[in-house]
Engineer: 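Structure below; questions to follow.
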Amino acid sequence: SSDVCSSDLSSGSTAFCRGQTIRLWVDIPGTFTWSTGSQEDTIQVSEAGLYQVQVMDVCSTYHQLNVNVQVYELPDIRIGVTDSIGCFPFNTNFQVLGSGYSSLSWNLGNGQSSALPSPQALYTEPGDYQVSLSATSSQGCTRMAERPKTISVFTKPTADRKSTRL
């Protein structure tokens with residue numbers, strides 16, 4: 001059994017990706033006052049900043065912890081395409097537009113995938129194809145970009161040969 005009056009408390013920092021939340025908590029019995037005004041032993045945070053908690057433990061010992069929370073930005077990405085409409089077989093080039101990524105994963109909508117920043121794709125059947133891109137930052141934050149009906153491929157028109165006599 002552990003002694004609740006000799007718990008090891010430490011301050012520190014933590015980080016997470018924008019759009020997520022993180023739970024901060026104190027793992028000793030007592031009364032709590034967080035810099036957010038909460039008096040619970042746990043708070044959820046979604047913004048960067050310095051969070052403080054003051055704890056009066058069951059042995060009447062006062063503790064103050066500081067936790068610096070960082071929020072990592074998501075990659076800023078969009079899908080660029082050279083040509084989006086054509087007749088099959090249709091070949092086009094894509095490119096990632098934006099920054100803040102360290103790895104990429106393309107789904108080119110035709111069964112092909114790529115990790116290149118500027119992949120090329122061949123579409124051999126008529127139809128509409130949706131292309132998506134997943135980009136991950138060096139901190140592990142991921143953002144998806146999609147373009148519904150990114151590519152439209154048509155059959156080649158055929159000329160109607162009718163002869164007319166004059």
Side-chain angles (χ1 to χ4, degrees), residues 1-82 84 92-121 123 127-152:
S1 114
S2 66
D3 181 1
V4 296
C5 296
S6 63
S7 295
D8 182 25
L9 298 179
S10 61
S11 297
S13 64
T14 191
F16 58 95
C17 300
R18 177 135 337 263
Q20 297 177 336
T21 61
I22 193 166
R23 184 173 72 101
L24 304 177
W25 74 93
V26 180
D27 197 18
I28 62 170
T31 59
F32 314 95
T33 305
W34 289 89
S35 53
T36 62
S38 174
Q39 295 187 339
E40 301 295 321
D41 62 343
T42 301
I43 61 170
Q44 290 282 125
V45 298
S46 59
E47 296 296 323
L50 179 64
Y51 293 86
Q52 296 179 329
V53 61
Q54 297 173 349
V55 181
M56 182 66 68
D57 68 24
V58 294
C59 299
S60 298
T61 304
Y62 170 79
H63 306 272
Q64 180 169 318
L65 286 98
N66 300 311
V67 180
N68 185 30
V69 173
Q70 293 179 307
V71 177
Y72 295 131
E73 293 302 322
L74 300 176
D76 176 25
I77 58 164
R78 293 172 313 288
I79 296 173
V81 60
T82 52
S84 61
T92 193
N93 296 301
F94 295 94
Q95 65 182 14
V96 61
L97 305 173
S99 62
Y101 59 88
S102 62
S103 66
L104 300 169
S105 178
W106 290 89
N107 175 344
L108 300 171
N110 61 352
Q112 290 179 294
S113 60
S114 178
L116 299 173
S118 299
Q120 186 177 63
Y123 298 88
D128 292 326
Y129 298 88
Q130 179 173 322
V131 174
S132 63
L133 171 63
S134 174
T136 303
S137 71
S138 58
Q139 294 87 15
C141 301
T142 300
R143 173 172 273 168
M144 289 286 297
E146 287 185 332
R147 288 185 60 174
K149 196 177 166 184
T150 309
I151 302 295
S152 293

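Remember, it's a predicted structure, so these values are computed and weren't measured experimentally. In what follows, every heavy atom counts, from backbone to side chain, and hydrogens, waters and symmetry copies are set aside.
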Engineer: What residue among Thr36, Val53, Ile43 forms side-chain contact (heavy atoms from CB on, under 4.5 Å) with Leu24?
Structural biologist: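 So the option named by the test is Ile43.
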
Engineer: Within the side chain of Ser105, is there an N or O that forms a donor-acceptor pair under 3.5 Å with the backbone of Ala115?
Structural biologist: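 No, Ser105 side chain to Ala115 backbone: no donor-acceptor pair under 3.5 Å.
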
Engineer: For Phe32 and Asp41: C-alpha separation, side-chain torsions, deciding distance, then whether side chain to side chain contact (heavy atoms under 4.5 Å, CB included) applies.
Structural biologist: CA-CA 6 Å; Phe32 314 95; Asp41 62 343; 3.5 Å; yes

Engineer: Ignoring hydrogens and angles, state whether a donor on the side chain of Asp128 or Ser152 is under 3.5 Å from an acceptor on the partner side chain.
Structural biologist: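 There is such a pair (donor and acceptor under 3.5 Å, judged by atom type) between the side chains of Asp128 and Ser152.
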
Engineer: In Å and rounded to the nearest 0.5 Å, what is the CZ to CD distance from Arg78 to Gln95?
Structural biologist: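 Atom-to-atom, Arg78:CZ and Gln95:CD are 10.0 Å apart.
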
Engineer: Dump the intermediate steps for side-chain hydrogen bond (donor to acceptor under 3.5 Å, both in side chains) on Ser137 and Ser102, then the final yes or no.
Structural biologist: CA-CA 5 Å; Ser137 71; Ser102 62; over 6 Å; no

Engineer: Regarding Thr82 and Thr92, do their side chains bring together a donor and an acceptor under 3.5 Å, going by distance alone?
Structural biologist: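 Checked: Thr82/Thr92 side chains pair up, N/O donor to acceptor below 3.5 Å.
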
Engineer: Taking all heavy atoms of Ser46 and all of Thr21, pick out the closest pair and write down the distance.
Structural biologist: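 Looking at all heavy atoms of both residues, the shortest contact is CB-CG2, 3.8 Å.
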
Engineer: Can you check whether Thr14 reaches Ile22 side chain to side chain, under 4.5 Å on heavy atoms?
Structural biologist: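 Side chain of Thr14 against side chain of Ile22, heavy atoms only: contact under 4.5 Å found.
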
Engineer: Could you report the tightest heavy-atom contact between Phe16 and Val69, atom names first, then the distance?
Structural biologist: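 Shortest heavy-atom contact: CE2-CG1, 3.3 Å.
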
Engineer: With a 3.5 Å distance limit and no angle check, can you tell me whether Arg18 reaches the backbone of Tyr72 through a side-chain donor-acceptor pair?
Structural biologist: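 Answer holds: no.
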
Engineer: How long is the span from the OH atom in Tyr62 to the CD atom in Gln54, to the nearest 0.5 Å?
Structural biologist: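 Result: 3.5 Å between the selected atoms.
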
Engineer: Would a 4.5 Å heavy-atom cut-off, applied to side chains only, mark Leu108 and Pro119 as touching?
Structural biologist: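 Contact flag for Leu108/Pro119 side chains = yes.
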
Engineer: Evaluate the side chain to side chain contact (heavy atoms under 4.5 Å, CB included) criterion for residues Phe94 and Leu133: first the C-alpha distance (whole Å), next the side-chain angles of each, then the deciding distance (0.1 Å), finally the verdict.
Structural biologist: CA-CA 10 Å; Phe94 295 94; Leu133 171 63; over 6 Å; no

Engineer: Is the shortest heavy-atom distance from the side chain of Met56 to the side chain of Val58 under 4.5 Å?
Structural biologist: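 In short, these two side chains do not touch, never coming nearer than 4.5 Å.
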
Engineer: Where do Leu74 and Cys17 come nearest, in terms of heavy atoms and distance?
Structural biologist: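 Residues Leu74 and Cys17, closest heavy atoms: CD2-CB, 4.2 Å.
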
Engineer: Where do Tyr129 and Tyr123 land on the ring-ring contact (aromatic ring centres under 6.0 Å, His included) test, with the steps shown first?
Structural biologist: CA-CA 9 Å; Tyr129 298 88; Tyr123 298 88; 4.7 Å; yes

Engineer: Just so I know, are the side chains of Glu146 and Gln130 near enough to count as touching, which here means a heavy-atom distance under 4.5 Å?
Structural biologist: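 Yes; the side chains approach each other to less than 4.5 Å.
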
Engineer: Any chance you could lay out the side chain to side chain contact (heavy atoms under 4.5 Å, CB included) test for Val96 and Trp106, step after step, and finish with the verdict?
Structural biologist: CA-CA 9 Å; Val96 61; Trp106 290 89; 4.2 Å; yes

Engineer: Rounded to the nearest 0.5 Å, what's the gap from CG on Leu116 to CG on Asn93? Could you check?
Structural biologist: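 One gets 11.0 Å once the value is rounded to the nearest 0.5 Å.
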
Engineer: Return the minimal non-hydrogen interatomic distance between Cys141 and Pro75, and the atom names on each side.
Structural biologist: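 Nearest pair, atom of Cys141 first, then Pro75: O-CD, 3.5 Å.
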
Engineer: Are Tyr101 and Thr136 side-chain neighbours, meaning at least one heavy-atom pair lies under 4.5 Å?
Structural biologist: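 Of all side-chain heavy-atom pairs linking Thr136 with Tyr101, none is under 4.5 Å.
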
Engineer: Using a 3.5 Å distance criterion without hydrogens, assess whether the side chain of Arg147 forms a donor-acceptor pair with backbone atoms of Ile79.
Structural biologist: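 Checked: pair present.
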
Engineer: For Ser134 versus Met144, what's the shortest heavy-atom pair and its separation?
Structural biologist: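 Looks like CB-SD, 3.4 Å.
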
Engineer: Among residues two or more places apart or on two chains, list those pairs meeting ring pair (Phe, Tyr, Trp, His ring centres under 6.0 Å) that have a residue in residues 34-57.
Structural biologist: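 Found none.
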
Engineer: Run the side chain to side chain contact (heavy atoms under 4.5 Å, CB included) test on Asn107 and Ser132 for me, step by step, so that the C-alpha distance in whole Å, both residues' side-chain angles and the decisive distance to 0.1 Å come before the verdict.
Structural biologist: CA-CA 5 Å; Asn107 175 344; Ser132 63; 3.4 Å; yes

Engineer: For the residue pair Val71 and Ala48, what are the closest heavy atoms and their distance?
Structural biologist: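 Looks like CG2-N, 3.4 Å.
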
